[in-house]
Trainee: 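Below you will find the structure I want to go over with you.
This structure is a prediction, so every number in the text was calculated from the model and none was measured. Counting starts at 1 for both ligands and their atoms, in listed order.
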Amino acid sequence: VIDPSDGQPFDELQRSNAQDIDTAVRAARQCYDAVWTKLSAAERGRLLMKLSAKVAEHTDELAAIEQRDCGKPTKQARADALALARYFEFYAGACDKLHGDTIPYLDGYSVLTWREPFGVVGNIVPWNYPMQIFGRSVGGALAAGNVCVVKPAEDACLSLIRVAQLAAEVGFPAGAINIVTGYGHEVGDALARNPGIDHISFTGSPKVGTLIQQVAAERHCPVTLELGGKSPQIIFADADLDAAVPMVINAIVQNAGQTCSAGSRVLIEQAIYEPLLERLGTAFENLRVGPATMDLDVGPLIRASQQQRVWDFLSDAQHANIPMVAQGRIVDEAPETGYYQAPTLLRDVPVNHRIAQEEVFGPVLSAMAFKDEDHAVQLANATQFGLVAGIWTRDGARQLRMAKRVQSGQVFINNYGAGGG
Ligand code: NAD
């Protein structure tokens with residue numbers, strides 16, 4: 001386990017294998033059959049609520065663990081722990097409110113649906129928001145009456161191991177939450193293939209999402225996927241720029257840009273392109289990057305290969321003569337062995353360049369100008385992704401038109417990221 005702030009190893013993890021997955025799946029099944037299905041929905045809810053409170057009590061400890069493991073600045077690490085507490089609180093309340101339907105049919109018939117758990121669920125979690133994603137995939141699965149076998153990302157296991165300990169302390173039965181550490185191509189793959197897994201929840205890259213679907217298809221195992229994004233922030237000339245600028249900045253620098261919903265493209269109406277780029281440029285220049293414990297605007301990237309990935313994108317952009325508007329500054333206290341990247345604002349980025357098409361997963365914002373609404377929609381929809389979009393305009397009719405036309409799972413109007421997953 002390497003601290004991204006200084007690149008130094010400080011701990012070790014078990015490199016588990018398919019046998020360990022099998023052991024965890026058996027433990028989960030036993031718990032499901034003997035204990036978990038015997039609890040009422042209200043009792044499950046009370047357990048989830050206790051875990052929520054316990055996590056909230058341990059916010060500082062969990063944040064400190066996450067900070068060292070993933071390089072998150074203090075405020076961001078704390079926000080993740082609080083979000084985990086909130087997810088469990090939400091799902092605690094949901095446990096006994098998952099109702100079925102009654103369906104009118106012929107005279108003499110009573111037709112109804114029951115919502116049944118799958119059984120043992122496999123949760124594969126990425127490294128960028130381990131606690132938040134654990135909260136929403138494991139919290140939801142437990143609430144619906146399933147038990148879980150969790151495969152955290154190899155770069156981000158420590159906070160989840162601690163959360164599993166806290167779950168045991170508040171009374172979760174053995175086998176309800178299992179954590180198996182190890183490499184994706186080894187234990188992640190073994191988890192997806194294990195015949196004892198009844199449903200897979202995967203959050204991660206589009207490429208691995210495809211692999212998971214292929215493996216799951218071989219045994220008709222249902223899959224829920226949360227994949228990547230190349231989300232646009234669309235700013236019209238009539239927008240409240242004082243409100244927009246800090247949100248546009250935060251949406252690309254939070255977690256050093258390693259966010260599925262990072263607002264990595266800013267589409268700006270031609271009339272305000274130059275003045276807004278100037279404002280954004282000034283804001284970028286003021287951003288400070290440094291060790292997680294300094295709690296600056298931006299911490300390090302997760303690992304050396306991620307840093308290399310961002311460098312490769314930036315060097316491609318340079319070769320294509322894409323102009324750079326501004327960069328933030330890495331502070332002198334940042335060890336040279338840490339994985340730092342200064343936030344970078346690029347302008348006039350061609351829509352087909354790979355930096356405008358692919359997930360960089362670093363603090364790099366690509367700006368481009370649009371002529372009118374149709375052009376904005378065309379640029380916004382010009383990638384293979386469709387996770388999140390932000391629309392900034394005071395014109396109410398346009399807000400709704402744009403929200404319909406931009407192909408995106410979530411659309412924020414005069415806001416970004418509010419409300420979570
Ligand atoms: P990743 O796909 O490399 O890894 C995700 C998880 O899958 C890890 O636990 C990894 O060990 C495991 N894995 C890797 N190969 C596997 C295999 N062959 N079989 C089974 N499991 C395997 O993704 P990452 O780099 O950890 O995370 C970043 C990605 O996650 C980005 O694309 C980001 O957009 C996405 N993400 C999406 C959301 C969302 O809610 N939409 C949230 C966070 C991250």
Trainee: Is the shortest side-chain heavy-atom distance between Gln14 and Asp20 below 4.5 Å?
Mentor: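 Yes, close enough: below the 4.5 Å cut-off.
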
Trainee: Indicate yes or no: at least one non-hydrogen side-chain atom of Pro343 is less than 4.5 angstrom from one of Ile252.
Mentor: no

Trainee: Just to be sure I'm reading this right: ignoring hydrogens, which of Tyr183, Phe385, Phe361 gets closest to atom 31 (C) of ligand 1? Compare them by their nearest heavy atoms.
Mentor: Phe361

Trainee: For ligand 1, which part of Phe202 has a heavy atom less than 4.0 Å away: the side chain, the backbone, both, or neither?
Mentor: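 Answer for Phe202: side chain.
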
Trainee: Show me which atoms of ligand 1 lie under 4.0 Å from any heavy atom of Thr203.
Mentor: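 Within the 4.0 Å cut-off of Thr203, ligand 1 contributes 5 (C), 37 (C), 38 (C), 39 (C), 40 (O), 42 (C), 43 (C).
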
Trainee: Are more than 12 heavy atoms, taken from residues, nucleotides or ligands other than Gln30, located less than 6.0 Å from that residue's CD atom?
Mentor: no

Trainee: Taking 4.0 Å as the limit for heavy-atom contacts, which would you say applies to Arg309 with ligand 1: side chain only, backbone only, both, or neither?
Mentor: neither

Trainee: Find all atoms of ligand 1 within a distance of less than 4.0 Å from any non-hydrogen atom belonging to Glu154, and give their numbers and elements.
Mentor: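 Per the distance check, 10 (C), 11 (O).
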
Trainee: Side-chain contact, heavy-atom cut-off 4.5 Å: Phe313 with Arg354?
Mentor: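 Of all side-chain heavy-atom pairs linking Arg354 with Phe313, at least one is under 4.5 Å.
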
Trainee: Regarding atom 27 (O) of ligand 1: of the candidates Ser231, Pro126, Gly229, Pro130, which has the closest heavy atom?
Mentor: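 Minimum heavy-atom distance to atom 27 (O) of ligand 1 goes to Pro126.
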
Trainee: So which bit of Leu227 gets within less than 4.0 Å of ligand 1, heavy atoms only: side chain, backbone, both or neither?
Mentor: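 Only the backbone of Leu227 comes within reach of ligand 1.
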
Trainee: Should you measure from each heavy atom of Lys151, which atoms of ligand 1 turn up under 4.0 Å away?
Mentor: 9 (O), 10 (C), 11 (O)

Trainee: Any idea which atoms of ligand 1 are less than 4.0 Å away from a heavy-atom of Pro152?
Mentor: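 Going through ligand 1 atom by atom, the ones under 4.0 Å from Pro152 are 9 (O).
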
Trainee: With backbone taken as N, CA, C and O and side chain as the heavy atoms from C-beta onward, which portion of Thr259 lies under 4.0 Å from ligand 1: side chain, backbone, both, or neither?
Mentor: neither

Trainee: So, using ring pair (Phe, Tyr, Trp, His ring centres under 6.0 Å) as the criterion, who are the partners of Tyr183 when residues are at least two apart?
Mentor: His185

Trainee: Which residues pass the side chain to side chain donor-acceptor pair (under 3.5 Å) test with Arg193, not counting sequence neighbours?
Mentor: Asp189

Trainee: Counting heavy atoms only, which part of Gln258 comes closer than 4.0 Å to ligand 1: side chain, backbone, both or neither?
Mentor: neither

Trainee: Which of the listed options, Ala156, Gly209, Ser205, holds the heavy atom that is closest to atom 2 (O) of ligand 1?
Mentor: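 Among Ala156, Gly209, Ser205, the closest heavy atom to atom 2 (O) of ligand 1 comes from Ser205.
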
Trainee: Pull out every atom of ligand 1 sitting under 4.0 Å from any heavy atom of Cys260, numbered as shown with elements.
Mentor: 33 (C), 34 (O), 36 (N), 37 (C), 38 (C), 39 (C), 40 (O), 41 (N), 42 (C), 43 (C), 44 (C)

Trainee: Just going by heavy-atom distances, which of Gly188, Gly184, Pro206, Ser305 is nearest to atom 17 (C) of ligand 1?
Mentor: Gly184

Trainee: Where the closest heavy atom to atom 6 (C) of ligand 1 is concerned, which of Asn128, Ile124, Val208 has it?
Mentor: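 When every heavy atom of Asn128, Ile124, Val208 is considered, Ile124 comes closest to atom 6 (C) of ligand 1.
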
Trainee: With backbone taken as N, CA, C and O and side chain as the heavy atoms from C-beta onward, which portion of Val125 lies under 4.0 Å from ligand 1: side chain, backbone, both, or neither?
Mentor: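 Only the backbone of Val125 comes within reach of ligand 1.
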
Trainee: Using a cut-off of 6.0 Å, state whether more than 12 heavy atoms not belonging to Gln318 lie near its atom CD.
Mentor: no

Trainee: Atoms of ligand 1 less than 4.0 Å from Ala153 heavy atoms?
Mentor: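 So the atoms of ligand 1 that pass are 8 (C), 9 (O).
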
Trainee: Check Arg279 with Asp242, please: is the shortest side-chain N to carboxylate O separation under 4.0 Å?
Mentor: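 So Asp242 pairs with Arg279 through a salt bridge.
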
Trainee: At a 4.0 Å threshold, what atoms of ligand 1 neighbour a non-hydrogen atom of Trp127?
Mentor: 24 (P), 25 (O), 26 (O)

Trainee: When you measure from the centre of the six-membered ring of Tyr129, is the NZ or CZ of Lys72 under 6.0 Å away and within 45° of the axis?
Mentor: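 Because its charged atom sits under 6.0 Å from the ring centre and within 45° of the axis, Lys72 does stack over Tyr129.
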
Trainee: Can you confirm if the NZ or CZ of Arg309 lies within 45° of the ring axis of Phe361 and under 6.0 Å from the centre of its six-membered ring?
Mentor: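 Checked: cation-pi criterion not met.
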
Trainee: Is there a side-chain contact between Val266 and Ser366, using heavy atoms and a 4.5 Å cut-off?
Mentor: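 Side-chain contact under 4.5 Å: no.
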
Trainee: Here's one to test your reading of the geometry: is the NZ or CZ of Arg303 within 45 degrees of the ring axis of Tyr339 and under 6.0 Å from its centre?
Mentor: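 Verdict for Tyr339: no cation-pi partner in Arg303.
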
Trainee: Closer than 4.0 Å to some heavy atom of Ile133 - which atoms of ligand 1 meet that?
Mentor: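 Reading through ligand 1 atom by atom, the close ones are 42 (C), 43 (C).
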
Trainee: Would you find a donor on one side and an acceptor on the other, under 3.5 Å apart, between the side chain of Arg265 and the backbone of Ala380?
Mentor: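 Yes; judged by distance alone, with no hydrogens or angles, the pair exists.
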
Trainee: Just to be sure I read this right, does ligand 1 sit under 4.0 Å from the backbone of Ser261, its side chain, both, or neither, counting only heavy atoms?
Mentor: neither

Trainee: From atom 23 (O) of ligand 1, is the closest protein heavy-atom distance below 4.0 Å?
Mentor: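 Under the 4.0 Å cut-off, atom 23 (O) of ligand 1 does have protein heavy-atom neighbours.
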
